[in-house]
Amino acid sequence: MKFATRAIHAGQEPDPSTGAIMVPVYQTSTYVQDGPGAHKGYEYARTQNPTRTALEANIASLENARYGLAFASGMAAIDAIVKLLNPGDHVISTSDLYGGTYRIFTKVFRKYGISFDFTPMSSPEEVEALLKPSTKMIWVETPTNPMLNIIDIAAMAAIAKSSGAWLVVDNTFASPYLQSPIDLGADIAVHSATKYIGGHSDLISGVLATSNETLYADLKFLQNSCGAVPGPQDCFLALRGIKTLHIRMDRHCSNAAEIANFLKDHPAVGDVFWPGFKDHPGHEIAKRQMRNFGGMVSFRLRSDRMEDAERVLKRSKLFACAESLGGVESLIGHPATMTHGSIPAEERAKTGVTDTLIRLSVGIEDSIDLIADLEYALA
Ligand SMILES: *Cc1c(COP(=O)(O)O)cnc(C)c1O
C-alpha cells in the first residue's frame, strides 16, 4: 500500500473487544494472566503495551522496515542505539549534529570508553580516512541541523557494509515521508518523534526502525532493560499525528520553498540554506534520496552582530521563538544560543553556526502571512 494509506492504517485494527476505530490508550501497568505464564502476549507494560505495539508496527511500515521500537524521547532511542556498542568501539559521526546527540556522545558515552570522530561527511573519502578496525558505527544525520547539508546515505551505507560497521541515520529532519534510509542501506533509522512525526508540539517521543532481526532483538532487550519507554497516551498522540504526516509534510515543503526564495532576495539576508536551491552543494543528492526538500530553512543576516539576530527573533510574531521543530506552527530559533548552546564556540563556528545564523521551522500556516511576518521582523 502507498504511504498515505499506511500512515493512517498500518498497525491499527479496530479494537477487538469494542470495535473502537482508534487504538485505545491502554493505561495499564500489568495484564491479568489465566495462570502463571498463560498470558495474551502482554505481561508488564514496560515490556509491552498495545498502544505502543500499534505505534511500533506503524513506524516499521512507514520506514519500509521489518521492526519498529518506540521510546520516551528521541534521546532515549539514540541512547539505546549507542548501548549496542562496547568499550573500545569507535563511531564516525556527522559533525553538524543535533546538539543533544553531540552531548550524549561526548559527555556520556566517551566516559564508557566509546570513541567518536566527527566529520562533515561531504565525501566518502573523508569518512574512509577515519575508519579504524574498531569502527562499529557510522552515524549520519541528514539534512543536518542547522546547516541543512545533505549527506549521501547510499554512499555511507557502502562504506559501512565494506567495513563491517552499522549505519544509523537520524531521519528526524526529513521524516519517513521524504526519506527512506533503510531502502538506501541503513541498518537503523531513528527519529525524534517529538518533531514531524508527532507534528503538533504536544509530546516528547522517539522511534527507531530496523530490518535486521538481531539488531531488533538487541534493541528491544535494551528498551526493556533500561526502561525508557513511552507512556500509552504519548503513543496515542504520535499515532494520531502520523495520520496527517503526508499532507502536513507537503505543506511544510511548499511553504519552506516560498520562504527560502523570499529570503534569498531580501537585502538584509546573506546566505540562505535550503537543499531545494539548485546551487546548494547537496542539491543533486537531495533530489536522489529525498522526495522533497523539507520544511527547514536556515539563513544568515548580512550583519554579523548577535544583537541584530536577537532583534529579528524578538520582532517575529507568527514565527514563535522556541526550541524544537516540525510542528504545524512556525518556529524561529537562534542555534548559537539555543539548540547548539551545548557545543563549544570553536566547534560551532567550524560547522557554520555563526552568531547571526537563524533557523526556521516553517509551519503549515498560510505562506502569505508567514512571509509578511518575516518581512516585518527583518525590516
Ligand atoms: C530533537 C532531536 C533529537 C532529540 O529528540 P528528543 O525527542 O528531543 O529527545 C534528535 N535528533 C534530532 C535531529 C532532533 O531534532
Side-chain angles (χ1 to χ4, degrees), residues 52 55 59 63 69-83 91 93-109 116 118 121 137 139-151 153 168-179 181 186 188-209 223 226-231 233-235 237-238 241-242 249 252 256 273 275 290 294-298 322-327 331-335 338-343 351 353 359-363:
R52 197 207 314 164
L55 173 61
I59 289 296
E63 285 288 2
L69 287 170
F71 292 84
S73 68
M75 289 319 303
I78 289 167
D79 177 67
I81 295 169
V82 185
K83 283 177 180 158
V91 180
S93 166
T94 304
S95 50
D96 183 18
L97 192 65
Y98 175 70
T101 309
Y102 181 82
R103 182 175 55 199
I104 200 172
F105 285 176
T106 57
K107 297 272 168 63
V108 179
F109 284 109
F116 297 86
F118 297 92
M121 298 188 165
M137 195 172 272
W139 191 283
V140 169
E141 191 178 310
T142 181
T144 68
N145 176 21
M147 299 310 295
L148 302 173
N149 291 316
I150 302 294
I151 295 164
I153 296 174
V168 181
V169 175
D170 185 331
N171 203 23
T172 301
F173 266 43
S175 89
Y177 181 60
L178 298 183
Q179 181 167 275
I188 301 170
V190 61
H191 287 269
S192 168
T194 310
K195 316 291 170 53
Y196 288 109
I197 287 181
H200 295 76
S201 308
D202 54 8
L203 85 151
I204 296 288
S205 169
V207 295
L208 64 80
Q223 180 199 43
C226 302
V229 294
Q233 178 74 31
D234 284 347
C235 294
L237 285 171
I242 289 168
M249 290 314 297
H252 283 298
F273 305 95
M290 298 175 73
M296 302 298 295
V297 179
S298 295
E323 307 255 2
S324 200
L325 62 113
L331 300 180
I332 186 167
H334 186 233
M338 296 167 69
T339 45
H340 290 57
S342 54
I343 299 183
T351 63
V353 182
R359 191 191 81 177
L360 303 177
S361 170
V362 180

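As the structure lists them, so they are numbered: ligands from 1, and atoms in each ligand from 1. Below, all heavy atoms of this structure are taken into account, side chains as well, without hydrogens, waters or symmetry copies.
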Exercise for review: List the steps and the verdict of side chain to side chain contact (heavy atoms under 4.5 Å, CB included) for Asp170 and Ile78.
Suggested key: CA-CA 9 Å; Asp170 185 331; Ile78 289 167; 4.2 Å; yes
Check your understanding: So which heavy atom in the protein is nearest atom 14 (C) of ligand 1, and how far is it from that ligand atom?
Key -> Lys195 NZ, 3.0 Å
**Study point:** atom 3 (C) of ligand 1 - nearest protein heavy atom and its distance
**Key:** Tyr98 CE2, 3.4 Å
Exercise for review: Decide yes or no on side chain to side chain contact (heavy atoms under 4.5 Å, CB included) for Leu97 and Phe118, but give the supporting numbers first.
Suggested key: CA-CA 9 Å; Leu97 192 65; Phe118 297 92; 3.9 Å; yes
Review point. So is Ser205 close enough to ligand 1, meaning a heavy atom under 4.0 angstrom away?
Key: yes
Point to revise | Val91 and Phe109: CA distance, side-chain angles, deciding distance, side chain to side chain contact (heavy atoms under 4.5 Å, CB included) verdict | key: CA-CA 11 Å; Val91 180; Phe109 284 109; over 6 Å; no
Review point. Is NZ or CZ of Lys83 both nearer than 6.0 Å to the six-membered ring centre of Phe71 and within 45° of the ring axis?
Key: no
Review point. Side chain, backbone, both or neither: which part of Ser324 has a heavy atom under 4.0 Å from ligand 1?
Key: neither
Exercise for review: Enumerate the atoms of ligand 1 whose separation from the nearest heavy atom of Glu141 is less than 4.0 angstrom.
Suggested key: 13 (C)
Geometric N/O contact [X] with ligand 1, under 3.5 angstrom:
| X | value |
| --- | --- |
| Gly74 | yes |
| Met75 | yes |
| Ser192 | yes |

Study note, to complete from the structure: Of Asn171, Ile197, Asp170, Thr194, the residue with the heavy atom nearest atom 12 (C) of ligand 1 is Asp170
Looking at [X] and [Y], would you say the former's side chain and the latter's main chain have a donor-acceptor pair under 3.5 Å?
| X | Y | answer |
| --- | --- | --- |
| Gln223 | Val229 | no |
| Ser361 | Gly326 | yes |
| Ser205 | Ala72 | no |

